[in-house]
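Just so you know, ligand 1 is whichever comes first in the structure, and atom 1 is the first atom listed for that ligand. Note that this is a predicted model, so its numbers are computed, not measured.
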Amino acid sequence: MSNRTFTIIKPDSVRKGNFGKIIGRLEEQGFQVLGIKKVSLTQKQAEAFYGVHRERPFFKSLVEYMTSGPVYVAALERESAVPTLRQVMGATDPAKADAGTIRKEFGESIEQNAIHGSDSDENAKIEINFFFAESELL
Ligand code: CMP
C-alpha cells in the first residue's frame, strides 16, 4: 500500500548544491513529492523537531547545524515509504552506510549526514504535520 514519509534535505546538501541530485535519487526510487518547501529552521523549530534527542550530547551541535542554512522539507509518497526511504538514505553515519546510498555519497559526518527520513509511520505523520497543512499535499 502506498503511504507517506517525510524528509529533510539538510544544510550541508543545500550548501554543496546536492539538492537536485538527492531529489532525483528519490524520484528514481519511485517516490512522489506531495509537498516541498525551502525553509530556514529557527532554533525553536529545530529544538522542537529533534525534541526526542534533547538529552543527547550532540543535541546542541545538531540544532546549530540544522539552523546553519536553509533546508528543503518534503512529504513523500510510495509503497512502504518509511523503510524504503531509510534504505535509500543508508546508515546515520555515512562512513558506515552501504555503497550507493545517499548518505554514503553525499554525507560528510554522522552529524552532517545529508538527509533526514522518518523512522516510523507514526513519526512520519507527526513530522509532515510539523511543516505542512493537508491542503498543501498534492
Ligand atoms: P537524523 O536521521 O536527522 O536524526 C537525528 C540526527 O542527529 C541525525 O540524523 C544526525 O544528523 C544527528 N546525529 C545522530 N547521531 C549523532 C552523533 N552520534 N553525533 C552527532 N550527531 C548525530
Side-chain angles (χ1 to χ4, degrees):
M1 198 187 76
S2 208
N3 55 22
R4 292 174 176 182
T5 191
F6 172 79
T7 190
I8 304 180
I9 314 293
K10 294 186 176 183
D12 56 311
S13 299
V14 179
R15 263 194 290 277
K16 289 190 280 185
N18 289 332
F19 161 69
K21 290 173 218 159
I22 292 173
I23 284 290
R25 287 286 192 90
L26 299 178
E27 284 193 316
E28 274 166 27
Q29 295 297 326
F31 287 95
Q32 299 288 330
V33 178
L34 301 181
I36 189 161
K37 295 178 185 176
K38 190 177 192 183
V39 295
S40 282
L41 296 179
T42 64
Q43 187 173 332
K44 273 194 175 160
Q45 278 178 313
E47 285 174 356
F49 185 84
Y50 281 119
V52 295
H53 297 303
R54 197 171 286 275
E55 302 306 323
R56 302 281 193 100
F58 58 80
F59 181 70
K60 187 165 174 272
S61 173
L62 173 62
V63 169
E64 275 169 23
Y65 157 56
M66 290 302 293
T67 56
S68 68
V71 300
Y72 288 86
V73 297
L76 305 173
E77 187 174 75
R78 209 205 99 125
E79 192 178 310
S80 304
V82 167
T84 304
L85 178 59
R86 292 181 74 77
Q87 244 174 38
V88 171
M89 291 194 307
T92 305
D93 183 353
K96 295 184 182 147
D98 289 341
T101 60
I102 291 172
R103 283 171 168 162
K104 184 70 172 184
E105 191 158 336
F106 300 109
E108 278 189 20
S109 65
I110 193 164
E111 179 179 79
Q112 304 206 11
N113 61 358
I115 185 170
H116 166 81
S118 307
D119 63 5
S120 66
D121 286 347
E122 190 191 355
N123 282 336
K125 203 170 175 186
I126 293 168
E127 292 176 357
I128 289 170
N129 289 340
F130 194 95
F131 290 102
F132 295 94
E134 189 58 36
S135 59
E136 294 177 298
L137 304 176
L138 309 172

Original post:
Which one of Phe58, Phe49, Tyr65 has a non-hydrogen atom at the shortest distance from atom 13 (N) of ligand 1?
Top reply: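 Considering heavy atoms of Phe58, Phe49, Tyr65, the nearest to atom 13 (N) of ligand 1 sits in Phe58.
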
From [X] [atom1] over to [Y] [atom2], what is the distance, rounded to the nearest 0.5 angstrom?
{"X": "Thr84", "Y": "Gln29", "atom1": "OG1", "atom2": "CD", "result": "8.5 Å"}
{"X": "Lys96", "Y": "Asn113", "atom1": "NZ", "atom2": "CG", "result": "12.5 Å"}
{"X": "Phe59", "Y": "His53", "atom1": "CZ", "atom2": "NE2", "result": "9.0 Å"}

**OP:** Return a yes/no value for Thr92: is any of its N or O atoms, backbone included, closer than 3.5 angstrom to an N or O of ligand 1?
**Re:**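 No, since none of the N or O atoms of Thr92 sits under 3.5 Å from an N or O of ligand 1.
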
Subject >> Nitrogen or oxygen atoms of Lys10 and ligand 1 under 3.5 Å apart >> reply: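 Between Lys10 and ligand 1 (N or O atoms, distance only) the closest approach is under 3.5 Å.
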
Can you pull out the closest protein heavy atom to [atom]? Residue, atom name and distance to 0.1 Å, please.
{"atom": "atom 4 (O) of ligand 1", "value": "Tyr50 CE2, 3.6 Å"}
{"atom": "atom 11 (O) of ligand 1", "value": "Glu111 O, 2.8 Å"}
{"atom": "atom 12 (C) of ligand 1", "value": "Leu62 CD1, 3.8 Å"}

Is ligand 1 under 4.0 Å from a heavy atom in the side chain of [X], in the backbone, in both, or in neither?
{"X": "Ile110", "answer": "both"}
{"X": "Arg56", "answer": "neither"}
{"X": "Met66", "answer": "neither"}

Subject >> Numbered atoms of ligand 1 (with element) below 4.0 Å of His53, judged on heavy atoms >> reply: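 Those atoms are 5 (C).
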
**OP:** Give the numbers and elements of all ligand 1 atoms closer than 4.0 Å to a heavy atom of Arg103.
**Re:** 2 (O)

Original post:
Does the gap between the ring centers of Phe130 and Phe6 come in under 6.0 Å?
Top reply: no

Original post:
Are Lys16 and Glu108 within salt-bridge range, i.e. N to O under 4.0 Å?
Top reply: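 Judged by the 4.0 Å cut-off on N to carboxylate O distance, Lys16 and Glu108 do form a salt bridge.
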
Original post:
Cationic tip of Lys10 within the cone over Tyr65's six-membered ring, i.e. under 6.0 Å and within 45° of the normal?
Top reply: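 The answer is no, since Lys10 fails at least one limit relative to Tyr65.
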
